[in-house]
Amino acid sequence: MKSTSRRNLAALISVSALAAGALAVTMPGAGATTINAQGGVIGLSGGSGSHLFTIKPDGTGLTSVPSIADNGITPGWAPDGTRVVAGSTEQLVTGRTTGTTSLVQLPGANGGAAGPGFTGPVYWMDGAYVISGSGGELFYGPSDGAFAPVPLLTGTQHPAGVTDDNPTTSPTGQVAFDRVTVGSDAAPDVWTFDPVSGNLSKTISDASSPVFSADGSTLVFVRVVDGHRQLFTAAADGTGITQVTTDAADHLHPTWDPAGGRIAYDVAGADSTTVEMLTLSDGSVSTVSTTGSNPSWQPLRKNTFSWVYASGSVTIDQAASRWAFDTVGKPHVPGLIPARSAVLVNKAMSTYSSPAISLAAEKQGPVIMSSGTSLDTTASAELKRGLPKGSTVYLVGGTNLINDSVANTVTALGYKVLRLGGADLTAVSARVALQITSAPEWVFLADGTDYHDPMSASAAAGALGYKGRGVVLLTHGTTPTSSVTNFLNSLDPATTNLVTVGRNARTALGTMPLTKDWEYWAIDGGSTDQTAVDLARFWWAAPYEAVVQDTWTWQNAAVGNASNATYGPVLWSTEALLSPSAKEYLTQESASVQSVQMFGPNASYSVNMRTELANAVANGNSWVDTHWVAGGVLPAAKADVHAAALTPAFSAPAATPVGGLDKAATVLPGRHPLDAPRHTTR
């Protein structure tokens with residue numbers, strides 16, 4: 001994708017490209033990385049056969065976390081401190097250290113259940129990935145275990161005869177680690193890998209166990225001096241090396257206070273290990289713990305909730321449009337994009353609105369709602385506000401849904417009108433799909449008699465926006481129709497991936513008179529909210545953002561999903577409380593999910609809902625910034641917050657739809673490689 005749109009910030013990249021260091025990434029500008037993390041508890045490894053402990057930096061509150069095994073490796077914290085990756089050399093897991101653990105077992109390197117052994121797991125790319133050492137190499141994979149880790153460095157970047165270990169990551173994506181030549185008496189050196197440029201360079205000689213400070217500006221590392229391992233600090237580029245410990249003992253496994261200024265570490269004695277803490281400003285040292293080792297300091301950082309709602313004369317479709325798209329003729333607002341089209345739907349026809357979501361994502365425009373007999377003044381106002389004259393407005397449905405009077409009014413406003421009609425909903429879905437592409441790589445099939453599954457499917461297809469790669473076809477319950485059957489029969493199953501969303505769609509597919517054999521994936525959770533979660537797990541690996549929609553108000557979902565179709569999954573919930581399936585999903589994905597968006601009336605965002613979301617995604621209400629976005633527009637003073645809420649600090653891999661991969665890639669960033677078990681229509 002070469003578009004500079006906001007959706008493009010969640011770039012669709014292949015794993016092979018990332019491994020090769022060929023990322024198309026928008027990096028923060030000089031001085032743009034600001035870390036406001038505070039220090040939480042310190043995680044400690046329990047030693048052989050034991051489990052994770054946590055302790056406060058002042059040495060109080062030692063707490064065991066028996067559900068998370070950790071016997072001998074240093075645990076790693078997600079950037080917001082919601083989850084920890086720990087385990088043994090045989091198996092890594094991620095989980096919560098308080099409340100519901102929601103453990104996720106990470107697959108072994110290169111697809112193995114265990115692999116040659118793990119060391120030093122750390123989160124990477126704003127929590128989207130985990131990097132760890134394994135068999136002398138560095139491997140990375142999504143933090144939710146969506147696919148097996150693959151080598152970070154390939155080819156000449158990892159020559160034979162070297163061992164790489166002890167990775168550390170900065171908020172801008174830099175990876176530092178120590179490298180040693182196998183069989184050599186030489187000490188390790190610290191190397192740095194830049195995933196944007198692909199550059200790999202030796203940063204500090206005679207050094208090991210590097211750890212970045214929270215803002216990425218400084219490294220602490222270990223160097224042997226007079227027979228003892230001492231701690232040193234240096235700038236991230238290796239300059240300004242300063243020794244900070246001098247006592248006659250071995251200092252190991254350093255970890256920075258996320259707020260800066262202090263370093264915790266192991267002091268290895270003859271028979272035991274003590275965790276100590278050094279305050280750099282005055283050189284004072286205090287004892288943190290005599291239980292456990294391998295300290296890792298938890299960062300605490302706020303996540304963002306954005307509640308976009310109608311206000312005054314501004315309707316919810318206008319609010320969603322203003323949340324996503326610039327105003328014609330006005331200065332660009334950070335985080336917004338220019339609209340290139342608009343999709344008009346009948347505001348009283350829920351099922352017909354679902355194909356509009358993927359169409360709007362593909363054509364880079366909002367979904368606007370109107371009555372079917374005359375163009376609403378709010379729809380007219382929003383078209384004039386956000387869409388340049390001469391652009392195309394797509395009408396979803398025949399004249400029975402949006403009559404010619406509406407079309408003529410839109411034309412009189414200076415826009416091109418293209419009607420996408422059909423005899424029924426299934427025919428309209430096929431017509432919309434054809435407008436996107438006649439040769440999709442991904443087809444989602446859903447039952448159009450209820451809007452929930454089709455909207456979930458349309459949001460997933462919309463994640464492939466601007467490339468004409470994903471479409472949604474709708475059935476009429478379990479009954480196949482000629483329009484959908486003919487569309488599928490026109491495709492080549494060898495080059496098209498097929499996904500059914502919901503039980504009725506799968507049943508309908510089984511009775512279609514298809515002329516070719518198809519293999520397909522069936523997503524069916526038994527309920528609309530669970531099916532949405534299952535689709536999210538299938539389609540997105542470690543997303544940066546999620547949209548939580550009120551399960552009863554389809555208008556909110558249609559316009560909200562369209563404006564966020566590329567960033568992450570859509571989840572259904574009640575207004576009062578977060579649905580159990582959405583809560584479990586968000587808790588498991590909390591390491592990467594930093595932004596949650598909701599669309600609807602102001603009053604429906606209850607205190608209980610906020611609390612449940614905060615407990616799932618963040619470390620509770622204290623670690624959430626909630627933005628109340630009346631009419632879709634943040635106050636000017638918060639424009640920078642708007643951009644931050646929509647743009648990951650390191651954006652390319654933060655939300656990677658599986659369909660975004662080049663099919664030449666050998667690994668898909670989702671829970672289903674192309675050769676995974678599928679169903680067949682035979």
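The shown structure was predicted, so the numbers you read here are calculated from the model rather than taken from an experiment. This chain uses plain numbering: 1 for the first residue, then up along the sequence.
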Would you check, one step at a time, whether the test side-chain hydrogen bond (donor to acceptor under 3.5 Å, both in side chains) holds for N408 with T411? CA-CA 5 Å; N408 293 336; T411 299; 5.2 Å; no
Give the C-alpha distance, both sets of side-chain angles, the deciding distance and a yes or no for side chain to side chain contact (heavy atoms under 4.5 Å, CB included) between M598 and F305. CA-CA 8 Å; M598 294 140 286; F305 292 169; 4.2 Å; yes
Test side chain to side chain contact (heavy atoms under 4.5 Å, CB included) applied to L425 and M349, step by step: CA-CA 10 Å; L425 175 61; M349 299 297 294; over 6 Å; no
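Listed by chain and residue number, T437 satisfy the side-chain contact (heavy atoms from CB on, under 4.5 Å) test with A439 (two or more places apart in sequence, or in another chain). Scanning for side chain to side chain donor-acceptor pair (under 3.5 Å) contacts around D317 gives T315, with sequence neighbours left out. T511 meets the side-chain contact (heavy atoms from CB on, under 4.5 Å) test with P480; sequence neighbours excluded. Under the salt bridge (Lys or Arg N to Asp or Glu O under 4.0 Å) criterion, D524 pairs with R503, not counting sequence neighbours. Taking the salt bridge (Lys or Arg N to Asp or Glu O under 4.0 Å) definition, one finds that E382 meets it with R322, R385, sequence neighbours left out. Take E612 and apply the salt bridge (Lys or Arg N to Asp or Glu O under 4.0 Å) test, not counting sequence neighbours, and it matches K583. In this structure, the salt bridge (Lys or Arg N to Asp or Glu O under 4.0 Å) partners of K347, at least two apart in sequence or on a different chain, are D376. A557 meets the side-chain contact (heavy atoms from CB on, under 4.5 Å) test with M455, Q549, N561, W572; sequence neighbours excluded. With sequence neighbours excluded, the residues that form a side chain to side chain donor-acceptor pair (under 3.5 Å) with D447 are T449, N504. Under the rule for a side chain to side chain donor-acceptor pair (under 3.5 Å), the partners of T515 that lie at least two apart in sequence or sit in another chain are N489.
Nearest heavy atoms, Y309 versus A630: OH-CB, 3.5 Å. Between L445 and A505, the shortest heavy-atom distance links the atoms O-CB, 3.3 Å. The shortest heavy-atom contact between P543 and E589 is CD-OE1, 3.5 Å. The shortest heavy-atom contact between V596 and V617 is CG2-CG2, 3.9 Å. Taking every heavy atom of both residues into account, L106 and D144 meet most closely at CD2-C, 4.3 Å. Here the closest heavy-atom approach between residue S358 and residue A461 is recorded as CB-CB, 4.1 Å.
A donor-acceptor contact shorter than 3.5 Å is absent between the side chain of S429 and the backbone of L473. In this structure, T553 contributes its side chain and D550 its backbone to no donor-acceptor pair below 3.5 Å. Looking only at distances, no side-chain donor or acceptor of H476 sits under 3.5 Å from a matching main-chain atom of G448. When atom types are taken as modelled, the side chain of S606 and the backbone of M609 share a donor-acceptor pair closer than 3.5 angstrom. In this structure, the side chain of N497 engages the main chain of E441 through a donor-acceptor pair within 3.5 Å. A donor-acceptor pair is defined here as one N or O able to donate and one able to accept, closer than 3.5 Å; such a pair exists between the side chain of S353 and the backbone of S350. Side chain of Y415 to main chain of L387: a donor-acceptor pair is present (N/O by atom type, distance under 3.5 Å, no hydrogens or angles). In this structure, S370 contributes its side chain and S374 its backbone to a donor-acceptor pair below 3.5 Å. Between the side chain of T531 and the backbone N or O of T528, no donor-acceptor pair lies under 3.5 Å. Under the 3.5 Å distance criterion, the side-chain polar atoms of W518 are left unmatched by any main-chain donor or acceptor of P493.
Checking T481 against T426 by side-chain atom types alone, a donor-acceptor pair falls below 3.5 Å. In the model, Q597 has a side-chain atom that pairs as donor or acceptor with a side-chain atom of W323 under 3.5 Å.
Here the side chains of L401 and Y352 are in contact, with some heavy-atom distance below 4.5 Å. Within the 4.5 Å cutoff, the side chain of P513 has heavy atoms near those of the T485 side chain. Contact annotation: the side chain of L571 approaches that of L586 to within less than 4.5 Å [non-hydrogen atoms, C-beta and beyond].
Interatomic distance, OG1 of T373 versus CD1 of I402, reported as 11.0 Å (0.5 Å rounding). In this structure, OG on S143 lies 10.5 Å from CG on D126, to the nearest 0.5 angstrom. The line from CG of L413 to OG of S391 is 12.0 Å long, rounded to the nearest 0.5 Å. L420 contributes atom CG, which lies 9.5 Å from atom CG of L434 (distance to the nearest 0.5 angstrom). Of the inter-residue distances, the one linking H627 atom NE2 with T304 atom OG1 reads 5.0 Å to the nearest 0.5 angstrom. Expressed to the nearest 0.5 Å, how far CD of E575 lies from CG of L577 amounts to 11.0 Å.
In summary, the aromatic rings of F444 and W521 are positioned with their centroids too far apart to meet the 6.0 Å limit.
Partner of M369 under the side chain to side chain contact (heavy atoms under 4.5 Å, CB included) criterion, chosen from L344, N346, V345, T378: V345.
Pairs of residues two or more places apart, or lying in two chains, that qualify as salt bridge (Lys or Arg N to Asp or Glu O under 4.0 Å) and include a residue from residues 410-429 are D404-R419. Listed by first and then second residue, the salt bridge (Lys or Arg N to Asp or Glu O under 4.0 Å) pairs involving residues 354-372 amount to none (not counting sequence neighbours).
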